[in-house]
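Note that ligands are numbered from 1 as they come in the structure, with each ligand's atoms numbered from 1 the same way. Just so it is clear, the structure is predicted and the values come from calculations on it, not from any experiment. When a residue number appears, it is its place in the shown sequence, counting from 1.
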Amino acid sequence: MSATSTERQAMAAAAAELVRREVVPHLQEWEDAGEIPRSLHATAGALGLLGLAFPEEVGGAGGDLLDSVAVQEAMFGAGASSGLMAGLFTSGIALPHIAASGDVHLVDRFVRPTLAGEKIGALAITEPGGGSDVARITTRAELDGEHYVVNGTKTYITSGVRADFVTVAVRTGGPGHGGISLLVVEKGTPGFGVDRTLRKMGWHCSDTAELSFVDARVPVAHLVGAEGSGFGQIADQFVVERIALAVHGYGIAARSLDLAAAYVRERRAFGRPLIENQTVQHTLVEMRRQVEVARTYTREVAARHAAGDFVVAEACLAKQTAVDCAAHVCDRAVQLFGGAGYMHGTEVERHYRDARILPIGGGADEVLRDLTAMLMGYAS
Ligand SMILES: Cc1cc2nc3c(=O)[nH]c(=O)nc-3n(C[C@H](O)[C@H](O)[C@H](O)COP(=O)(O)OP(=O)(O)OC[C@H]3O[C@@H](n4cnc5c(N)ncnc54)[C@H](O)[C@@H]3O)c2cc1C
């Protein structure tokens, strides 16, 4: 059930305060280190932020998507980066399938401690051979008594370096989407490990891993849901991931707009503040227009999802709108900052780089357009 608006505002205010007090002063240090500390998960868990939209039966707060959207907006507004949010909230993509499975053993072992900030989880679908076409994954899990024997490689896995466990898409059956299952693989499992820590254009404080599985024996009890149901489980949870990425888009755009609007009031060129140029005012208005549209539409889609509507296509449209907004607004913010906007360590420079992952992760633009065309009856 959704929180009351007062509860939601209080939670958003607490989350913003956490960012101002415990994130902003250290963010550049974490960007340079390539990861965020575990202690931040514990703090966020204790505040109830990680479990906000998870049911109480699995250790969450019983809120809904609107609650997490409000909290995430507040965190971006206070200066959280997209990479920080990806690293801190990886639980949002690693756990939902396990929580929905209703498997008490898996919930107790993985969901509760992760929502409490005691464990870190990751979701591994993408492979070196491809990420868009999930139905063709090749990582294989062969049944052998009470275990699956897993072989394969996963790449670009968010929080994969730090993760205590990974929800992995594996092929347990034949070709196509019907042969895919989800298995939870724990750190320390012989044959499973981090092959490489990957360096990136943006999201620097979000650790990203290439993972390998060589005859890794995983208990059958770690199967999430029924064998062969993995693709459906992944597709179900993609809606929430895409709405979350839309919030990343307009979240960093709104923050970049605020920073740019403040800067052009102070910065002078040709003997007057930059903001006195009409073209600068128009630039800010266009940035604002795109943020308002992306935010309003995404909130609407989130509300419809929370009400139980089928919004797979609309979630794609929201992500597309917010991603385009981020690309434009973050670029214009760098422009308004001039040379300072190109400097390492300037906040708008970070948002500009971070924005570039958004049209790729959680489904590339082209793939989401294909899906939307199909769902809206435009595909031949
Ligand atoms: C920083 C980062 C974090 C990530 N985190 C995770 C994670 O935690 N877990 C995980 O499993 N994956 C993760 N990914 C992987 C991400 O989901 C994939 O990169 C994405 O799905 C695209 O897959 P790909 O990179 O293999 O690109 P490909 O599938 O090779 O596609 C390459 C490009 O081709 C184009 N394209 C693809 N299909 C079509 C089509 N049908 N029509 C037209 N054009 C098309 C698109 O422009 C696409 O960007 C992450 C990636 C990055 C960069």
Q | For G130, the ligand 1 atoms whose distance to one of its heavy atoms is below 4.0 Å | A | 26 (O)
Q: Flag I125 as yes when one of its N or O atoms lies below 3.5 Å from any N or O atom of ligand 1, and as no otherwise.
A: yes
Q) Is the shortest distance from atom 20 (C) of ligand 1 to a protein heavy atom below 4.0 Å? A) yes
**Q.** Element-labelled atoms of ligand 1 that are located less than 4.0 Å from some non-hydrogen atom of D370
**A.** 41 (N)
Q. Are there more than 12 heavy atoms of other residues, nucleotides or ligands under 6.0 Å from atom NE2 of H177?
A. no
Q) Counting distance only, does the side-chain N/O of R171 pair as donor-acceptor with the main-chain N or O of A135 below 3.5 Å? A) yes
Q.
Can you confirm whether the side chains of D32 and Q28 place a donor and an acceptor under 3.5 Å from each other?
A. yes
Q. Ion pair present between R350 and E347, side-chain N to carboxylate O less than 4.0 angstrom?
A. no
Q: For atom 41 (N) of ligand 1, state whether the nearest protein heavy atom is under 4.0 Å away.
A: yes
Q) Considering only heavy atoms of A364, which atoms of ligand 1 have at least one such atom less than 4.0 Å away? A) 46 (C), 48 (C), 49 (O)
Q: Would you please indicate yes or no on a ring centroid separation below 6.0 angstrom for H305 and F310?
A: no
Q. Heavy atoms of the protein only: does one fall short of 4.0 Å from atom 36 (N) of ligand 1?
A. no
Q) When you check the gap from the basic side-chain N to the acidic O, do R304 and D309 get nearer than 4.0 Å? A) yes
Q. Does any N or O atom in T208 lie less than 3.5 angstrom from one in ligand 1, N or O only?
A. no
Q | N/O separation below 3.5 Å, T158 to ligand 1 | A | yes
Q: Below 4.0 angstrom from a heavy atom of K200, which ligand 1 atoms are there? Numbered from 1 as shown, please.
A: 1 (C)
(Q) Tell me whether the count of non-hydrogen atoms from other residues, nucleotides or ligands lying under 6.0 Å of CZ in R196 goes above 12. (A) no
Q) Just wondering, are more than 12 heavy atoms of other shown residues or ligands nearer than 6.0 Å to CZ in R38? A) yes
Q.
Quick check on atom 6 (C) of ligand 1 - does any protein heavy atom sit closer than 4.0 Å to it?
A. yes
Q: May I ask which of T90, D207, V367 has a heavy atom nearer to atom 39 (C) of ligand 1 than the others do?
A: V367
Q) Can a salt bridge be assigned to the pair R109 and E186 using a cut-off of 4.0 Å between side-chain N and carboxylate O? A) yes
Q | Polar proximity ligand 1 side, S132 side, N/O cut 3.5 Å exclusive | A | yes
**Q.** Numbered atoms of ligand 1 (with element) below 4.0 Å of I157, judged on heavy atoms
**A.** 7 (C), 8 (O), 9 (N), 10 (C), 11 (O)
Q) Does the protein place any heavy atom closer than 4.0 Å to atom 30 (O) of ligand 1? A) no
Q | Nearest non-hydrogen protein atom, atom 2 (C) of ligand 1 | A | I357 CD1, 3.8 Å
Q. Can you tell which part of K154 has a heavy atom less than 4.0 Å from ligand 1: side chain, backbone, both or neither?
A. neither
Q: Ignoring angles and geometry beyond distance, decide whether T126 reaches within less than 3.5 Å of ligand 1 through its nitrogen or oxygen atoms.
A: yes
(Q) Do H351 and S256 pair up side chain to side chain, a donor and an acceptor below 3.5 Å, judged on atom types alone? (A) no
Q) Going by distance alone, is a donor N or O of one side chain under 3.5 Å from an acceptor N or O of the other, for E227 and Y148? A) yes
(Q) Test your reading of the structure: does E366 have an N or O sitting under 3.5 Å from an N or O of ligand 1? (A) yes
(Q) How far is atom 50 (C) of ligand 1 from the closest protein heavy atom, and which atom is that? (A) Y156 O, 3.2 Å
Q) Is E286 salt-bridged to R289, cutoff N-O under 4.0 Å? A) yes
Q: Inspect the contact between R255 and D258 and indicate whether a charged nitrogen and a carboxylate oxygen are less than 4.0 angstrom apart.
A: no
Q) For L123, is at least one N or O under 3.5 Å away from an N or O on ligand 1? A) yes
(Q) Evaluate G131 for polar contact with ligand 1, using N/O atom pairs at a separation under 3.5 Å. (A) yes
